[in-house]
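Structure, as structure tokens:
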Amino acid sequence: MCVSFENAIKELKKGLPIIIFDKENENEGDLCIPSELIDIETLNFMLNECKGVICQTLTLDIINKLEIPIFKKSGNNITGQTNFVYPVDHVLSETGISSNDRMMIIKELISDNPDKNNLVIPGHQNLLKISKNGLETRQGHTESSSYFVKKAGFKESAVICEIIDNKGVPMRYDSII
């Protein structure tokens, strides 16, 4: 069921994830939750049920403050405009890939005083840079999810994950609904 912008904001404020969907672009849905609200249960749901790449969106200010390198792009396709940043781990991570380790680094990155000395680069948690001017510049899931969580009163950082079917194919609008 499609919900209005206002209802999506209400769901986020209740601590519930929403699905960001763009029929005009990649025609796939991403589960979205504010980085501030991510928990082990939601991360496990993303891993086991959504099955896509779990990413955290970040502003350029945070990326620069923590001195996280941004990938230089080469080539272009429909997904070539995604602003990938080097993935990171927390220095206290065991392997970097577990839900506990992911949550540790996600929370570090949005803390009020993140410490670059707590980062290991490269790592396992995928990061996406929010485009300058957000949705005015780029109409992607990175910018949409960040806009939604900010409008819901959270920090401008979302954790998102594509929704993939059991054959490894991104689910399209009709399948998700």
Side-chain angles (χ1 to χ4, degrees), residues 2-3 5 8-9 11-13 15-39 42-43 45-47 49-89 102-103 105-111 114 119 121-164 169-173 176:
C2 293
V3 298
F5 176 81
I9 296 300
E11 294 299 302
L12 288 171
K13 285 182 177 183
L16 299 172
I18 61 171
I19 296 174
I20 302 289
F21 196 86
D22 180 3
K23 285 176 75 170
E24 306 300 319
N25 191 7
E26 294 176 320
N27 192 20
E28 66 182 33
D30 282 19
L31 193 69
C32 163
I33 192 161
S35 293
E36 290 173 80
L37 299 183
I38 196 70
D39 57 22
T42 306
L43 278 169
F45 183 85
M46 289 176 163
L47 283 168
E49 302 301 327
C50 297
K51 304 179 190 102
V53 179
I54 298 173
C55 296
Q56 181 179 14
T57 67
L58 293 172
T59 62
L60 183 58
D61 290 344
I62 292 173
I63 293 165
N64 286 341
K65 178 180 179 179
L66 296 173
E67 300 175 9
I68 305 170
I70 299 171
F71 282 113
K72 181 181 178 198
K73 294 180 187 177
S74 65
N76 196 13
N77 60 13
I78 192 168
T79 64
Q81 298 306 313
T82 305
N83 297 307
F84 282 97
V85 179
Y86 273 77
V88 297
D89 283 337
R102 287 176 184 268
M103 196 160 114
I105 192 60
I106 289 168
K107 296 299 185 179
E108 176 74 32
L109 294 169
I110 60 156
S111 71
L119 277 57
I121 303 170
H124 293 84
Q125 180 54 51
N126 294 291
L127 304 177
L128 302 171
K129 178 179 72 73
I130 303 164
S131 295
K132 184 178 180 179
N133 300 322
L135 287 168
E136 293 176 25
T137 304
R138 181 173 178 272
Q139 304 280 311
H141 288 176
T142 303
E143 291 73 23
S144 298
S145 61
S146 302
Y147 179 79
F148 269 97
V149 300
K150 186 175 180 183
K151 287 296 182 185
F154 297 98
K155 292 179 181 179
E156 191 177 7
S157 177
V159 177
I160 60 176
C161 183
E162 299 98 342
I163 302 169
I164 308 295
V169 177
M171 292 178 69
R172 305 304 178 198
Y173 182 80
I176 291 174

Check your understanding: Can a donor-acceptor pair be found between the side chains of Ser131 and Glu143 at a distance below 3.5 Å?
Key -> yes
ask   = Is a side-chain donor or acceptor of Ser111 paired with a backbone partner of Glu108 at a separation under 3.5 angstrom?
value = yes
*asked:* Between Leu43 and Ile38, is there a side-chain heavy-atom distance shorter than 4.5 Å?
replied: yes
Please determine whether side-chain contact (heavy atoms from CB on, under 4.5 Å) holds for the pair Met46 and Leu31, giving the CA-CA distance in whole Å, both sets of side-chain angles, and the decisive distance to 0.1 Å. CA-CA 8 Å; Met46 289 176 163; Leu31 193 69; 4.0 Å; yes
inquiry  = Could you walk me through whether Thr57 and Thr142 satisfy the side-chain contact (heavy atoms from CB on, under 4.5 Å) test, starting with their C-alpha distance in whole Å, then the side-chain angles of each, then the deciding distance to 0.1 Å, before giving a yes or no?
reply    = CA-CA 6 Å; Thr57 67; Thr142 303; 3.7 Å; yes
Inset, instruction - Ignoring hydrogens and angles, tell me if any N or O in the side chain of Glu162 forms a donor-acceptor pair with the backbone of Cys50 under 3.5 Å. - result: no
To the nearest 0.5 Å, atom CG of Leu37 lies from atom CZ of Phe154 at 4.0 Å
Sidechain-backbone polar pair: Asp89 side chain, His124 backbone, donor-acceptor under 3.5 Å:
yes
Side-chain polar contacts of residues 60-68 - donor-acceptor pairs under 3.5 angstrom, sequence neighbours left out - could you list them?
from	atom 1	to	atom 2	distance (Å)
Glu67	OE1	Lys116	NZ	3.3
Glu67	OE2	Lys116	NZ	2.8

| said: Keeping Gln125 on the side-chain end and Ile54 on the backbone end, is there a donor-acceptor pair under 3.5 Å? | reply: yes
Query raised in the report: Can you check whether Phe71 reaches Val85 side chain to side chain, under 4.5 Å on heavy atoms?
Result: no
**Prompt:** Does NZ belonging to Lys151 count more than 12 external heavy atoms closer than 6.0 Å?
**Reply:** no
Side chain to side chain, Ile164 and Met171, heavy atoms closer than 4.5 Å: no
Measuring only between side-chain heavy atoms, which start at C-beta, is Ile20 closer than 4.5 Å to Ile18? yes
Evaluate the criterion side-chain contact (heavy atoms from CB on, under 4.5 Å) for residue pair Asn83 and Ile70; output intermediate values, then yes/no. CA-CA 8 Å; Asn83 297 307; Ile70 299 171; 5.7 Å; no
(request) Would you check if Pro34 and Lys155 make a side-chain contact, meaning some heavy-atom pair closer than 4.5 Å? (result) no
*Please step through side-chain contact (heavy atoms from CB on, under 4.5 Å) for the pair Leu128 and Ile160, ending with a clear verdict.*
CA-CA 10 Å; Leu128 302 171; Ile160 60 176; 3.9 Å; yes
